[in-house]
Amino acid sequence: MKVKGIHYRSLWWDRTAQVLCIIDQRALPHVFRVQPVATLDDFVQAICQMRVRGAPLIGATAAYGLALAMRLDSSNEALERAHTMLNETRPTAVNLRWALERCRSALQPLPPGGRAAAALNLAHEIADEDVAINRRIGEHGAALIRDIASRKPPGMPVNLLTHCNAGWLATVDWGTATSPIYQAHDAGVPVHVWVDETRPRNQGALTAWELGSHGIPHTYVADNAGGHLMQHGQVDMVITGTDRTTRTGDVCNKIGTYLKALAAHDNGVPFFVALPSPTIDWTMGDGVGGIEIEERGGEEVTHVQGRAGDGAVATVQVTPDGTTVANPAFDVTPGRLVTGLITERGICAATEAGLAALFPERAAA
Ligand code: MRU
């Protein structure tokens, strides 16, 4: 998508320097900073520190990390070591595991001398596939938005609410939850987006930055505002992303998503989840009981980062010294609260039968 009129992906391969370029998302929305990532340690740090974040982007980044590790040492031991180190960076988003397994199983049978080139090709393939998947999610989701628009007085915007950043920054391009919004807007459907701030890390600010760059009308709201907006008929549809969805349709996403789903259910507001197929965990049936929820550092809760009056980016403490905090980063919305899953193959019910009908080959495996 575009930044000041120039098209960017959230990562790209620099052929001259032979490094991966990423956008440091810790600095956004205030500073647009591109960084090279070259060594395995750099990749591990980039994911752990959330310079890159969002389930599909973490997966694609890890594939490049494995590829660059293979350039230095392509032995079986080095492959296992890189796989383990990258796999341990973040526990919840299943795309990380999916991408690493895909790379490892393709590389293991190859002679070590052929691994580095094959791994880089595979990383490019995973990145390109992500873009294609998200584009198709956008086409299916935009049809839902058009349908809502057709039932409103002409010119009245469709009001969408989204949580966290499931935008192009969280993927390689387009985003998942935002792809339908971008495509509806580009097709001339009037839209307006309520953007949840998404404490503690305020990924909503990334969404606001993206939407603003694309000229999409939006309003930034505190996380607690969604229920009120829904009670007053100001939300036509909720659309979020997901970090892992079970084969039974339970949706794990950024902390606070579950509360939005409950409010949507209580108010008869459709709650859709944009779901690329690599985010489906076919091994898991019970999301609430089974998915490991990442517990992050307490300073994300006790402190906030923002731009100070002098223009410098600063971090300030909001709680009393020594306050005990907990910081679960994700929650699980049971499939029964989800109106539908928007995948690259179409929209289905958030149930085992719904997903199996769209992905019969995966469900059978
Ligand atoms: O902790 P983050 O910022 O990596 O969490 C991201 C989310 O929860 C997104 O909603 C999810 O990855 C879907 S991204 C297309």
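Predicted, not measured: the structure shown is a model, and the values here were computed from it. Both ligands and their constituent atoms are indexed starting at 1 by order of listing.
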Examine the proximity of ligand 1 to [X] and report which part, side chain or backbone, both or neither, has a heavy atom under 4.0 Å away.
X	result
T240	neither
A166	both
M50	side chain
P56	side chain

Counting both backbone and side chain atoms, is some N or O of [X] under 3.5 Å from an N or O of ligand 1?
X	value
H163	no
R53	yes
G54	yes
A55	yes
D243	yes

| field | Atoms in ligand 1 flagged as close to Q203, the criterion being non-hydrogen separation under 4.0 Å | value | 1 (O), 2 (P), 3 (O)

| request: List every atom of ligand 1 that sits less than 4.0 Å from any heavy atom of T171, numbering the atoms from 1 in the order shown and giving each element. | output: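 Per the distance check, 15 (C).
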
| query | Taking the inter-plane angle between the rings of H192 and W194 on a 0 to 90° scale, is it parallel (under 30°), tilted (30 to 60°) or perpendicular (over 60°)? | reply |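 If you compare the ring of H192 with that of W194, the planes turn out perpendicular.
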
| task | Classify the ring geometry between F32 and W209 as parallel (under 30°), tilted (30 to 60°) or perpendicular (over 60°). | result |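 It falls in the parallel class, under 30°.
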
Considering only protein heavy atoms, which is closest to [atom], and at what distance to one decimal place?
atom	result
atom 9 (C) of ligand 1	N253 OD1, 3.5 Å
atom 14 (S) of ligand 1	A170 CB, 3.6 Å
atom 5 (O) of ligand 1	K254 CE, 3.3 Å
atom 15 (C) of ligand 1	T176 OG1, 3.0 Å

| Can you tell me if R90 has a non-hydrogen atom under 4.0 Å from ligand 1? | yes

| task | Please state whether N165 comes within less than 4.0 angstrom of ligand 1, counting heavy atoms only. | result |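 N165 counts as a contact of ligand 1 under the 4.0 Å cut-off.
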
Verify whether one side chain among [X] and [Y] offers a donor that lies under 3.5 Å from an acceptor in the other.
X	Y	answer
N76	R115	yes
T92	E292	no
T283	D281	yes

| Sub-6.0 Å ring centroid separation between H214 and Y182 | yes

| said: Aromatic contact between Y258 and F330, with the criterion being ring centroids under 6.0 Å apart: yes or no? | reply: no

Beyond-backbone contact of [X] with [Y], side-chain heavy atoms, under 4.5 angstrom:
X	Y	result
T207	Q203	no
Q18	W13	yes
R136	T343	no
D128	R9	yes

